[in-house]
There are 2 protein chains.
Amino acid sequence: MIITEMSVYCSMDIVEISKILSNELRVNILHWLKDPEANFPPHTDLKHFNDGVCVQYIGTKAGIAQSTVSQYLSWMQKAGLVIATRHGKWTYYRRNEEAIAKYIKHLSNNL
Amino acid sequence: MIITEMSVYCSMDIVEISKILSNELRVNILHWLKDPEANFPPHTDLKHFNDGVCVQYIGTKAGIAQSTVSQYLSWMQKAGLVIATRHGKWTYYRRNEEAIAKYIKHLSNNL
DNA sequence: AAAACATTTTGATAATTACCGAAATGTCGG
DNA sequence: CCGACATTTCGGTAATTATCAAAATGTTTT
């Protein structure tokens with residue numbers, strides 16, 4: 001997928017975001033990240049989900065290759081839908097609620 | 001009967017609609033149909049845009065083959081985004097504002 | 001420094017989507 | 001009914017996306 005860099009401050013591209021949301025796995029990931037406690041086991045190192053969930057757990061839950069989920073999350077981050085935080089060897093991903101809300105508002109104004 | 005997780009959480013329609021919105025031409029069509037007077041010449045037979053715009057005009061404006069735009073509109077109709085009305089040999093397409101609004105509300109609740 | 005582990009990047013191929021032209025269907029006027 | 005015209009459906013190829021395994025990169029621990 002061709003992803004153009006974007007931040008919350010740029011106008012969100014409906015086509016780009018829709019490309020991401022046109023895959024069930026990616027929509028599911030976004031949904032699971034809404035409630036990490038309910039959808040993932042606790043992290044062994046961190047005792048919280050403040051920065052989201054590590055790639056490994058998301059990949060296991062999704063049932064696809066680690067490399068694929070890593071790429072998905074990378075696209076989602078470039079599109080502004082999630083935020084990545086690195087703690088040691090783990091990268092945690094969480095929803096970018098502000099951007100998601102902004103996108104939905106953008107949709108309701110421009111679609 | 002096989003009960004899937006979909007009964008609890010259905011991402012299917014988000015994926016389906018997003019597939020449609022992941023193409024710039026289709027997003028443009030939806031946008032043009034918001035204001036037919038501003039985006040299309042008047043119809044020769046009908047003196048209004050009450051039922052939307054005929055396939056021919058949309059295809060010309062989009063700059064793609066008639067058959068392609070017809071297929072796009074057919075998908076968009078199946079997904080509920082537009083409404084088709086036949087008058088004689090012409091088919092007019094207009095936005096399904098109710099469905100669009102409903103989808104956006106669905107997104108803000110479930111994405 | 002090297003082993004061990006999480007993640008990312010990099011090819012590669014299968015699957016899907018984009019889009020066209022041709023053929024088929026539906027509709028109107030003579 | 002027949003031609004003319006709008007639209008739809010069909011069959012095909014080019015382009016894009018899905019997804020994997022392997023290689024590369026970071027990071028921690030020994």
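In what follows, every chain begins at residue 1, and chains take the letters A, B, ... in the order their sequences are listed. The figures here come from the full heavy-atom set of this structure, side chains too, leaving out hydrogens, waters and symmetry mates.
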Looking at A:Ser22, I'd like to know whether one of its side-chain N or O atoms comes within less than 4.0 Å of OP1 or OP2 on D:dT17. no
Residue B:His31 excluded, over 12 heavy atoms near NE2 under 6.0 Å: no
Options C:dC19, D:dC20, D:dT27, nucleotide nearest the side-chain atoms of B:Asn23: C:dC19
Only one of A:Leu81, A:Val53, A:Ile58 clears side chain to side chain contact (heavy atoms under 4.5 Å, CB included) with A:Leu73; which? A:Ile58
Residues that, via side-chain heavy atoms closer than 4.5 angstrom, fall in one hydrophobic cluster with B:Ile83: none
Measure from the side-chain heavy atoms of A:Lys89 and tell me the nearest of D:dT8, C:dC5, D:dA18. C:dC5
Rounded off to whole Å, could you give me the OH-to-C1' distance for the A:Tyr57 and C:dT7 pair? 15 Å
Out of D:dC10, D:dA6, C:dT7, which nucleotide sits closest to the side chain of B:Gln71? D:dC10
With no angle test and no hydrogens, is the base of D:dA21 tied to the side chain of A:Ser67 by a donor-acceptor pair under 3.5 Å? yes
If each of B:Val69 and A:Arg86 is mapped to the nucleotide of DNA chain D with the nearest heavy atom, which maps nearer the 5' terminus, i.e. the 5' end? B:Val69
Angle class for the B:His43/B:Tyr57 ring planes (parallel below 30°, perpendicular above 60°, tilted otherwise)? parallel
Quick check for you: among C:dA18, C:dT8, D:dT7, whose closest atom lies nearest to any side-chain atom of B:Gln56? D:dT7
